[in-house]
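Working notes for the structure below.
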Amino acid sequence: MTDRTSPPAAFDAPIDSKEEPFDPLRLCVYTTIGLLAWLLTPALVVSVFSGMALVAYFKARKRGLVRSRCKLGDTRLVMAYLGLAFVSGVVFTIYTIAGLL
């Protein structure tokens, strides 16, 4: 059994490894916290966390992770959620900077 709290070096495990792929659930949680904190903080925070999580889930999926412990379950749904959060954060950050809101 792998340590689910292992550092990002776990992403570098060989693809043919018998170990369970690293599940970057914490980054999904951070994105959710960022979305909830959006009322008080800039949307840029959401973009940073969701971007990190999206990259981590993409790498984990390439290494064989199909189901996440995230409430959405399927990694494709998790990545869609993270992608939407990332794009929304970028758009609202641009609008805020441009003074359009």
Side-chain angles (χ1 to χ4, degrees):
M1 183 122 207
T2 61
D3 177 16
R4 291 188 186 267
T5 61
S6 59
F11 295 148
D12 298 328
I15 293 175
D16 61 344
S17 173
K18 301 293 185 219
E19 296 180 11
E20 183 179 331
F22 175 73
D23 184 354
L25 173 67
R26 287 179 285 148
L27 295 173
C28 185
V29 171
Y30 297 158
T31 300
T32 303
I33 291 169
L35 285 170
L36 294 174
W38 197 332
L39 297 171
L40 303 172
T41 60
L44 185 59
V45 173
V46 174
S47 295
V48 169
F49 278 114
S50 61
M52 288 173 27
L54 192 57
V55 169
Y57 267 98
F58 179 76
K59 288 180 179 181
R61 186 157 174 88
K62 280 181 60 175
R63 293 194 173 23
L65 182 69
V66 178
R67 299 283 305 165
S68 171
R69 291 183 297 150
C70 183
K71 292 293 182 192
L72 296 174
D74 190 321
T75 53
R76 293 173 295 187
L77 289 175
V78 174
M79 291 189 305
Y81 160 69
L82 296 170
L84 182 62
F86 178 79
V87 170
S88 298
V90 169
V91 167
F92 280 101
T93 297
I94 291 170
Y95 279 133
T96 301
I97 290 171
L100 298 176
L101 275 180

Are Phe58 and Leu54 linked, directly or through other ILVMFWY residues, by side chains that come within less than 4.5 angstrom of each other?
yes
Could you measure the distance from the CZ atom of Arg26 to the OG1 atom of Thr31? Nearest 0.5 Å is fine.
12.5 Å
Please, which pairs that meet salt bridge (charged side-chain N to carboxylate O under 4.0 Å, His left out) have at least one residue in residues 77-97, sequence neighbours excluded?
none
Single-linkage hydrophobic cluster, 4.5 Å side-chain cutoff, Leu84 and Phe86 together:
no
Results of side-chain hydrogen bond (donor to acceptor under 3.5 Å, both in side chains) for Thr32 - residues two or more places apart only
Tyr81
Ignoring hydrogens, what is the shortest heavy-atom contact between Cys70 and Cys28? Give both atom names and the distance.
SG-SG, 2.9 Å
Taking side-chain hydrogen bond (donor to acceptor under 3.5 Å, both in side chains) as the test, write out the residues that go with Tyr30, two or more places apart.
none
Donor-acceptor contact below 3.5 Å, side chain Ser47 vs main chain Val90
yes
Spell out, as yes or no, whether a donor-acceptor pair under 3.5 Å connects the side chain of Asp23 to the backbone of Arg69.
yes
Is Val46 reachable from Leu25 through a run of hydrophobic residues whose side-chain heavy atoms are each under 4.5 Å from the next?
yes
How about Leu82 and Tyr57: do any of their side-chain heavy atoms sit closer than 4.5 Å?
yes
Distance in Å, Ser68 OG paired with Asp74 CG, rounded so as to fall on 0.5 Å steps:
9.5 Å
Between Ala60 and Pro21, which heavy-atom pair has the shortest distance, and what is it?
O-CB, 4.3 Å
Under a single-linkage definition using a 4.5 Å side-chain heavy-atom cutoff for Ile, Leu, Val, Met, Phe, Trp and Tyr, are Val55 and Ile33 assigned to the same hydrophobic cluster?
no
State, to 0.1 Å, how close Leu65 and Thr75 come at their nearest heavy-atom pair, and which atoms those are.
O-OG1, 3.5 Å
